[in-house]
Amino acid sequence: EAGVAQSPRYKIIEKRQSVAFWCNPISGHATLYWYQQILGQGPKLLIQFQNNGVVDDSQLPKDRFSAERLKGVDSTLKIQPAKLEDSAVYLCASRPPGHRLFGELFFGEGSRLTVL
Amino acid sequence: DAKTTQPTSMDCAEGRAANLPCNHSTISGNEYVYWYRQIHSQGPQYIIHGLKNNETNEMASLIITEDRKSSTLILPHATLRDTAVYYCIVRDISNFGNEKLTFGTGTRLTIIP
């Protein structure tokens, strides 16, 4: 079974530039998450999708971050304009349907962003 | 979700059992204990979860105290590949809108050859 795919793995940009990350969850997984992990910290949830609808985006800095999952499959996370403090690994995770209570989350390898 | 407290780091000799403690003294009746680990440059990986009974799978065992205020993850025969950050997470499954995992800073486990 293919895992959660993310790209790019690494991205270096200058502050005020924009960047986009792509995630393709495991086939059939209805729930998709984007997490931000700053060096030395645990992952922090940015946004949660159920199919193509947003369930929780309370911690998404909406003035600069946006995310979409238009067809309920793959998803894109965008940052515009980037700040130095956005340097982090952006992790995508998905969970299979029917496992809302107990199911494990499957994480991708992440996209490492460096903002100079 | 209840807050968890874990040691910042631990060492364990290769081949020995690694015992990782977690304190969750404010845990409520609807909250499960989950463990994930994150190997360097990878995403977190699910290990095990439990409510009040001890649990075991092919990766680890989870021991939850009778009062549920603390738990221990046990890796029975640690190998170098078990070097990772281990996260203990408490999640309220009765909150139907709360399907997220809230990570702390975890315990950095280093397996010593």
Side-chain angles (χ1 to χ4, degrees), chain A residues 2-7 9-10 21 23-26 29-51 53-60 88-113, chain B residues 1 3-9 20 22 24 29-53 55 57-60 62 64 73 84-109:
Chain A
V4 176
Q6 291 190 246
S7 68
R9 283 298 312 276
Y10 305 94
F21 302 111
C23 171
N24 192 21
I26 294 172
H29 284 200
T31 310
L32 184 148
Y33 308 79
W34 283 101
Y35 281 82
Q36 178 193 57
Q37 185 171 26
I38 293 172
L39 187 64
Q41 300 180 17
K44 182 184 84 170
L45 179 70
L46 292 176
I47 189 167
Q48 175 187 342
F49 290 94
Q50 181 70 23
N51 296 308
V54 175
V55 175
D56 184 353
D57 64 355
S58 58
Q59 298 192 84
L60 186 74
V89 175
Y90 292 87
L91 294 160
C92 179
S94 67
R95 191 184 68 241
H99 293 261
R100 181 179 53 77
L101 294 182
F102 306 107
E104 58 185 280
L105 269 62
F106 294 82
F107 283 83
E109 293 189 312
S111 295
R112 180 178 297 277
L113 173 66
Chain B
D1 295 334
K3 182 181 172 73
T4 62
T5 303
Q6 298 178 252
T8 302
S9 63
L20 292 92
C22 179
H24 31 79
N30 295 318
E31 291 181 315
Y32 276 67
V33 180
Y34 286 75
W35 283 84
Y36 278 71
R37 74 179 183 183
Q38 188 171 23
I39 295 170
H40 183 63
S41 295
Q42 297 183 21
Q45 173 193 25
Y46 167 84
I47 301 173
I48 199 167
H49 73 272
L51 181 62
K52 53 184 177 181
N53 297 319
E55 302 288 344
N57 62 21
E58 64 278 5
M59 289 182 68
L62 174 60
I64 302 175
L73 179 75
V85 177
Y86 287 77
Y87 297 99
C88 171
I89 302 164
V90 170
R91 186 166 79 95
D92 183 355
I93 64 155
S94 69
N95 182 346
F96 294 134
N98 178 16
E99 300 165 357
K100 64 189 179 191
L101 292 176
T102 302
F103 290 82
T105 52
T107 296
R108 182 173 298 278
L109 175 68

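Every chain is numbered from 1 and lettered A, B, ... according to where its sequence line falls, protein lines coming before strand lines.
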Nearest 0.5 Å please: distance from the [atom1] atom of [X] over to the [atom2] atom of [Y].
X: Q59(A); Y: T102(B); atom1: CD; atom2: OG1; result: 7.5 Å
X: Y46(B); Y: F106(A); atom1: OH; atom2: CZ; result: 9.5 Å
X: F103(B); Y: Q41(A); atom1: CZ; atom2: CD; result: 13.5 Å

Hey, does Y36(B) have a side-chain heavy atom less than 4.5 Å from the side chain of E104(A)?
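Of all side-chain heavy-atom pairs linking Y36(B) with E104(A), at least one is under 4.5 Å.
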Could you tell me if the side chain of L91(A) sits less than 4.5 Å from the side chain of Q38(B), heavy atoms only?
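When only atoms from C-beta onward are counted, L91(A) and Q38(B) do touch, with a gap below 4.5 Å.
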Interface residue of largest heavy-atom contact number with chain B, from G42(A), G40(A), A93(A), under 4.5 Å
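If we count pairs closer than 4.5 Å to chain B, G42(A) comes out on top.
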Proximal component of Q37(A), with respect to chain B [non-hydrogen, under 4.5 Å]
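Side chain of Q37(A) only, per the 4.5 Å heavy-atom cut-off to chain B.
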Count the heavy-atom pairs under 4.5 Å between each of G106(B), G43(B), P44(B) and chain A, then report the option with the highest count.
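Max contact count across the listed options: P44(B).
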Hey, is the main chain of P43(A) close enough, under 3.5 Å, to the side chain of Y87(B) for a donor-acceptor pair?
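It does not hold such a pair.
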